[in-house]
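Please read the structure below before turning to the comments.
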There are 2 protein chains.
Amino acid sequence: MTTARRPATLDDVARAAGVSRSTASRVIAGNGFTSPVARDRVRTAADRLGYVPNAAARALVRGAGVRLLVAVAGATPSVLDDSYINQVVSTSAQVCAPYGLGVTVEWVPLDEPGRLTRLADDRGVAGLLLVNTTDAMLGLVPRRLRGRTASIGIGSASVPSVDIDNGGGTAAIVRHLYATGHRRIAMVTGPPWLTCATRSVEAYRGLLRQAGLPAREVVGDFSAARGRAAAREVLRRWPDTDAIVGISDATALGVIGQLRADGVQVPGDVAVTGFDDIPLASVTALTTASHPVRRIATAAATMVLEQRPVPPLTVFPSALVLRESA
Amino acid sequence: MTTARRPATLDDVARAAGVSRSTASRVIAGNGFTSPVARDRVRTAADRLGYVPNAAARALVRGAGVRLLVAVAGATPSVLDDSYINQVVSTSAQVCAPYGLGVTVEWVPLDEPGRLTRLADDRGVAGLLLVNTTDAMLGLVPRRLRGRTASIGIGSASVPSVDIDNGGGTAAIVRHLYATGHRRIAMVTGPPWLTCATRSVEAYRGLLRQAGLPAREVVGDFSAARGRAAAREVLRRWPDTDAIVGISDATALGVIGQLRADGVQVPGDVAVTGFDDIPLASVTALTTASHPVRRIATAAATMVLEQRPVPPLTVFPSALVLRESA
DNA sequence: TTGAAAGCGCTAACAT
DNA sequence: ATGTTAGCGCTTTCAA
């Protein structure tokens with residue numbers, strides 16, 4: 001039985017390997033010149049002792065941080081209470097684990113982007129992951145964090161980003177509706193300030209215009225509750241509507257719930273589509289577009305962790321998922 | 001404009017306040033004796049300089065860690081890919097933010113509880129949050145982390161826990177079914193090793209026994225896919241079943257999907273209930289029991305952060321939510 | 001290619 | 001009640 005003794009430090013490893021602490025450090029951290037012999041001996045010793053570098057000590061001397069900050073822009077703190085955000089945070093936390101870094105989430109009010117500065121000025125912050133960010137916030141990323149920042153959504157010259165092809169995804173949905181005979185297609189949109197939502201709306205508008213059809217838009221906010229209300233509004237304003245495009249699955253499910261409650265057949269009378277392909281979309285047979293959120297979050301987190309030159313924009317495709325609701 | 005200069009250290013604060021670094025430390029960290037005058041001057045100086053303690057330095061000297069480890073027990077790594085876990089991780093990350101601690105998630109294989117030891121031996125780990133843990137894992141919490149560990153689910157003499165009153169919640173559901181005239185009630189259970197799931201099953205069995213009714217159990221795994229298959233199995237084995245209790249909302253939604261696909265009316269022919277009240281339960285009009293997951297995660301995370309003596313077990317109630325499916 | 005030495009920012013004895 | 005002092009474990013000049 002191994003007694004619960006003090007865990008090995010770099011000094012222990014160096015001593016066991018018969019080299020100086022500096023050499024051991026160079027081998028473990030992977031910087032500076034080391035002879036193959038030294039490398040080998042240090043690695044062996046480290047393995048044998050179960051050496052794990054002390055993240056705090058490392059961060060201290062390097063002036064680096066110990067955690068990844070996920071900064072989510074939004075109107076209210078409740079934006080953090082969202083399954084998409086949960087997934088991004090949780091995935092980041094998985095990606096960070098092997099690096100010995102933790103993850104923290106904070107809300108940045110839309111009308112007070114300067115909050116980001118306060119948060120990012122903390123030296124404990126090793127990297128920054130912006131979610132649903134605005135141009136104003138992108139401009140406020142402190143210089144110290146340049147190259148240690150990535151954005152999920154829009155990016156900038158100095159902030160690389162990963163994004164979903166929302167336009168393409170929405171276009172595929174609208175084309176499908178058109179191809180299946182729908183001509184009076186309405187949309188429940190997202191908040192206007194959100195670029196990714198705007199791209200969907202623009203794709204919808206563009207396609208309808210091309211087809212010579214009028215746009216029928218009601219503003220929503222991604223929530224199911226708003227979706228219910230929006231469904232009523234759509235049918236009140238345009239009673240002959242035969243399809244409703246939801247900006248999100250939650251929106252679409254709200255729409256469907258309200259329609260069915262009002263005796264409207266889905267998809268018989270009105271076809272309904274979502275966006276995101278949340279787990280329950282499959283259960284509820286919702287036609288939607290799927291997005292690899294985990295892969296996206298992984299890509300973004302990896303960018304800030306790896307510090308390698310990365311392409312300024314990585315676009316992930318949106319894939320049409322046909323089910324029964326449209 | 002404030003030039004982007006080096007952030008203030010404790011030394012800067014001490015100098016500005018005209019006291020020694022130790023005094024400043026005592027004021028900021030809140031330990032040891034300090035005069036009201038000193039307290040005041042240090043606090044003022046810290047505010048003025050925008051001082052933020054360096055988490056790495058603090059952790060280093062204290063021998064404490066810099067992150068909270070959320071350890072999730074499960075059969076496969078895919079347990080991390082779950083909305084409940086996402087919510088726990090994300091909530092913890094919110095709670096940890098003001099403490100300057102990050103969060104990390106790792107999977108602990110059920111058949112290899114020792115993995116926990118390896119993970120927790122990392123000195124970077126400041127605290128431990130066990131999720132869906134087993135007795136074997138509870139016994140492996142390293143001594144260093146005693147008092148810095150909490151469990152969501154079962155606990156032990158040395159590990160305080162927060163838990164849901166699954167038994168009570170399930171009992172309320174079964175009673176409701178009974179009260180509404182159902183007598184041939186089946187249940188799609190969870191994996192047998194999970195204590196919280198077992199408690200639900202036992203409540204179900206107990207109530208049926210009391211009523212002199214036979215139990216009808218099919219093993220599930222919380223997933224919708226398994227729910228679909230289980231629905232078929234239930235009706236094959238007991239064709240006259242008039243109600244199905246799902247161990248989770250996903251299970252129940254799978255059950256409902258399959259029943260409807262097979263032309264069975266819900267709740268007309270068979271009533272179906274879920275458990276958890278996920279956001280979409282309301283949209284799909286699922287009768288279920290709701291649990292304050294965010295409050296639970298907050299309570300658990302706070303326990304490990306605050307280090308105060310806490311009650312060994314905090315039970316959160318399960319609240320019956322009546323909708324249309326039963 | 002390696003070692004010696006300095007110090008990152010902070011806390012906690014210990015002394016006063 | 002406060003100051004002095006000695007590190008926590010690591011990286012990184014600087015010399016050799």
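A, B, ... follow the sequence lines: proteins, then strands. Residue 1 opens every chain.
Note on the helix from dT1(C)-dA16(D) to dT16(C)-dA1(D): terminal axis deviation equals 30°, with five pairs used at each end and the result rounded to 10°.
First and last contacts of DNA chain C with chain A, using any nucleotide atom under 4.0 Å from a protein heavy atom and ordered 5' to 3', fall at dT1(C) to dG9(C).
Using a 4.5 Å heavy-atom threshold, the side chains of Tyr51(B) and Asp12(B) count as separate.
Annotation: side chain to side chain contact (heavy atoms under 4.5 Å, CB included) contacts of Val61(B) (sequence neighbours excluded): none. Applying the salt bridge (Lys or Arg N to Asp or Glu O under 4.0 Å) test to Arg21(A) and every residue at least two apart in sequence or in another chain returns Asp11(A). For Asp82(B), the salt bridge (Lys or Arg N to Asp or Glu O under 4.0 Å) criterion is met by no residue, not counting sequence neighbours.
Of the possible donor and acceptor atoms, one in the side chain of Arg144(B) sits under 3.5 Å from a partner among the backbone N and O of Ala120(B).
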What one-letter contact string describes nucleotides 9-15 of chain D from 5' to 3', where B marks a base within less than 4.0 Å of any protein heavy atom, S marks contact via sugar-phosphate atoms alone, and - marks no contact?
BBBB---
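Judged as a salt bridge (Lys or Arg N to Asp or Glu O under 4.0 Å), the pairs with a partner in residues 56-73 of chain A (not counting sequence neighbours) are, in order, Arg67(A)-Asp122(A). The salt bridge (Lys or Arg N to Asp or Glu O under 4.0 Å) contacts involving residues 23-35 of chain A comprise nothing, where partners must be two or more places apart or lie in separate chains. The stretch residues 84-97 of chain A participates, sequence neighbours left out, in no salt bridge (Lys or Arg N to Asp or Glu O under 4.0 Å) pair at all.
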Enumerate donor-acceptor pairs with a distance under 3.5 Å from any side-chain N or O in residues 98-112 of chain B to protein atoms, sequence neighbours excluded.
residue   : atom : partner   : partner atom : Å
Tyr99(B)  : OH   : Glu306(B) : OE2          : 2.4
Thr104(B) : OG1  : Leu101(A) : O            : 3.1
Trp107(B) : NE1  : Gly74(B)  : O            : 2.9
Trp107(B) : NE1  : Thr76(B)  : O            : 3.3
Glu112(B) : OE1  : Arg115(B) : NH2          : 3.2
Glu112(B) : OE2  : Arg115(B) : NE           : 3.2

Please tabulate, for the side chains in residues 294-304 of chain A, all donor-acceptor contacts under 3.5 angstrom to protein atoms that are two or more places apart in sequence or on a different chain.
residue   : atom : partner   : partner atom : Å
Arg294(A) : NH1  : Asp81(B)  : OD1          : 3.0
Arg294(A) : NH2  : Gln94(A)  : OE1          : 3.4
Thr298(A) : OG1  : Arg294(A) : O            : 2.6
Thr302(A) : OG1  : Thr298(A) : O            : 2.5

Might you work through the side-chain contact (heavy atoms from CB on, under 4.5 Å) test for Leu129(B) and Ser92(B), ending with a clear yes or no?
CA-CA 9 Å; Leu129(B) 197 56; Ser92(B) 305; 3.6 Å; yes
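For the contact set between residues 34-42 of chain B and DNA chain D, defined by any heavy atom under 4.0 Å, the members are Thr34(B), Ser35(B), Ala38(B).
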